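Report on the structure given below.
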Number of protein chains: 2
Amino acid sequence: MNKTSLYKGCLEPIILKLLDDNGRMYGYEITQKVKEATAGELNITEGALYPLLHRLEAEGVLEVEMENIGNRVRKYYSLTKAGKKEKSKAVLELENFKNTLQLLLNPKLA
Amino acid sequence: MNKTSLYKGCLEPIILKLLDDNGRMYGYEITQKVKEATAGELNITEGALYPLLHRLEAEGVLEVEMENIGNRVRKYYSLTKAGKKEKSKAVLELENFKNTLQLLLNPKLA
DNA sequence: ACCAATACATTGGAATCTTAGGCATTAGAA
DNA sequence: TTCTAATGCCTAAGATTCCAATGTATTGGT
């Protein structure tokens, strides 16, 4: 990520949401997609991403398909059934979090 | 905080905003105010709050006034001049962060 | 021929919070 | 009246999560 890093803790839900929207993606693609989707605001570092993907795979949240592109190997990740549940929960929490931030930023309606 | 802690990294801007809105507050008051303002969603732990207040004071962002309430001592914190600048910056970043989350949660308008 | 981009990965360390304590005063319930 | 919960301050050890740096290899453009 970047700056003083407010995004800490949000990476996982963001990735799950992305994979749900796009079906399947590979690591590098994720970093580019996030950069693009946030107009350059959020840059996921590979040192954060790859370990996370590996963990989510180990937990059964993601599954992998290897694919050969020329002489290069891509690892496509997608949500498992358990992963879809996880994703739903995570997105709700993230939405809730965003709304709570809104409350704190705009406490006028008290 | 709580849960898997999405709020990680947001504590500082939240505190600065609160202090700007309320003029001056003491630690315990902050924890209660945040709990109330977020309908119980966000519970700041004292182990996170007090070290942060001390750091911000050391950095010249906050200043302290001791006050005796009966036999008890309260430490009222308020923003310094530098703190007000810091707060403005932090709030902008937090708002920006919130908007970016919105983008990620709702990428329809692409 | 060389550099940037693509694509994977690991490692050490910094930053931030949680858990779990500790101390003292005060208000309220049993 | 005694004991618990709430008020109010605090610290220390540890977990989590991410960043920066680094490594390897292929590919496309100049």
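Order of the sequence lines fixes the chain letters, A, B, ..., with proteins taken first and strands second; residue numbering starts at 1 for each chain. Remember, it's a predicted structure, so these values are computed and weren't measured experimentally.
Across all strands shown, Glu46(B) has heavy atoms under 4.0 Å from base atoms, whether or not it also approaches the sugar-phosphate. Using a 4.0 Å heavy-atom distance criterion, Arg74(B) is classed as a sugar-phosphate-only contact. At a threshold of 4.0 angstrom between heavy atoms, the contacts of Gly27(A) are confined to the sugar-phosphate backbone, with no base atom among them.
Along DNA chain D, the nucleotide nearest to Ile69(A) and the one nearest to Gly47(A) differ in position, and the one closer to the 5' end is contacted by Gly47(A). Positionally, the nearest nucleotide of DNA chain D for Gln32(B) lies more toward the 5' end than for the other of Gln32(B) and Tyr77(B).
Looking at the side chain of Ser5(A), the nearest of the listed nucleotides dC18(D), dT10(C), dC17(C) is dC18(D). Picking from dT18(C), dC18(D), dT16(C) the nucleotide with the shortest atom distance to the side chain of Thr45(B) gives dT18(C). Closest to the side chain of Arg72(A), out of dC10(D), dT27(D), dC18(D), is dT27(D).
Of the side-chain N and O atoms in Tyr50(A), one or more sit less than 4.0 angstrom from OP1 or OP2 of dC8(C). Under 4.0 angstrom from either OP1 or OP2 of dC9(D) there lies no side-chain N or O belonging to Tyr28(B). Under 4.0 angstrom from either OP1 or OP2 of dT10(C) there lies at least one side-chain N or O belonging to His54(A). OP1 or OP2 of dT16(C) sits under 4.0 Å from a side-chain N or O of Arg55(B). OP1 or OP2 of dT18(C) has not a single side-chain nitrogen or oxygen of Lys8(B) nearer than 4.0 Å. Here Tyr26(B) reaches the OP1 or OP2 of dG8(D): one of its side-chain N or O atoms lies under 4.0 Å away.
Side-chain atoms of Asp20(B) never come within 3.5 Å of backbone atoms of Leu16(B) as a donor-acceptor pair (strictly under, hydrogens ignored). No donor-acceptor pair under 3.5 Å is formed between the side chain of Asn96(B) and the backbone N or O of Leu92(B). Formation of a donor-acceptor pair under 3.5 Å by the Thr80(B) side chain with backbone atoms of Gly60(B) is found in this model.
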TODO: Using the salt bridge (charged side-chain N to carboxylate O under 4.0 Å, His left out) rule, take Glu86(B) and Lys89(B) through it: C-alpha gap first, then chi angles, then the decisive distance, then the call.
DONE: CA-CA 5 Å; Glu86(B) 258 302 299; Lys89(B) 223 182 71 183; 3.7 Å; yes
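When rounded to the nearest whole Å, the span between CG of Leu52(B) and P of dT16(C) equals 9 Å. Taking atom CD of residue Glu29(A) and atom P of nucleotide dT6(C), one finds them 12 Å apart after rounding to whole Å. Note: NZ (Lys75(B)) to P (dT25(C)) measures 17 Å, nearest angstrom. Rounded to whole angstrom, the span from the CD1 atom of Ile44(B) across to the P atom of dT16(C) amounts to 15 Å. Put simply, CE on Met25(A) is 14 Å from P on dT6(C), counting in whole angstrom units. Between the CD1 atom of Ile15(B) and the P atom of dC17(C) there is a distance of 9 Å, given to the nearest Å. Atom CG of Leu49(B) is separated from atom P of dA12(D) by 17 Å (rounded to the nearest Å). Between Ile14(A) atom CD1 and dT17(D) atom P the separation is 14 Å, expressed in whole Å.
For the residue pair Glu29(B)/Tyr77(B), the side-chain donor-acceptor check at 3.5 Å is not satisfied.
Within 6.0 Å of NZ in Lys33(A) there are 12 or fewer heavy atoms belonging to other residues, nucleotides or ligands.
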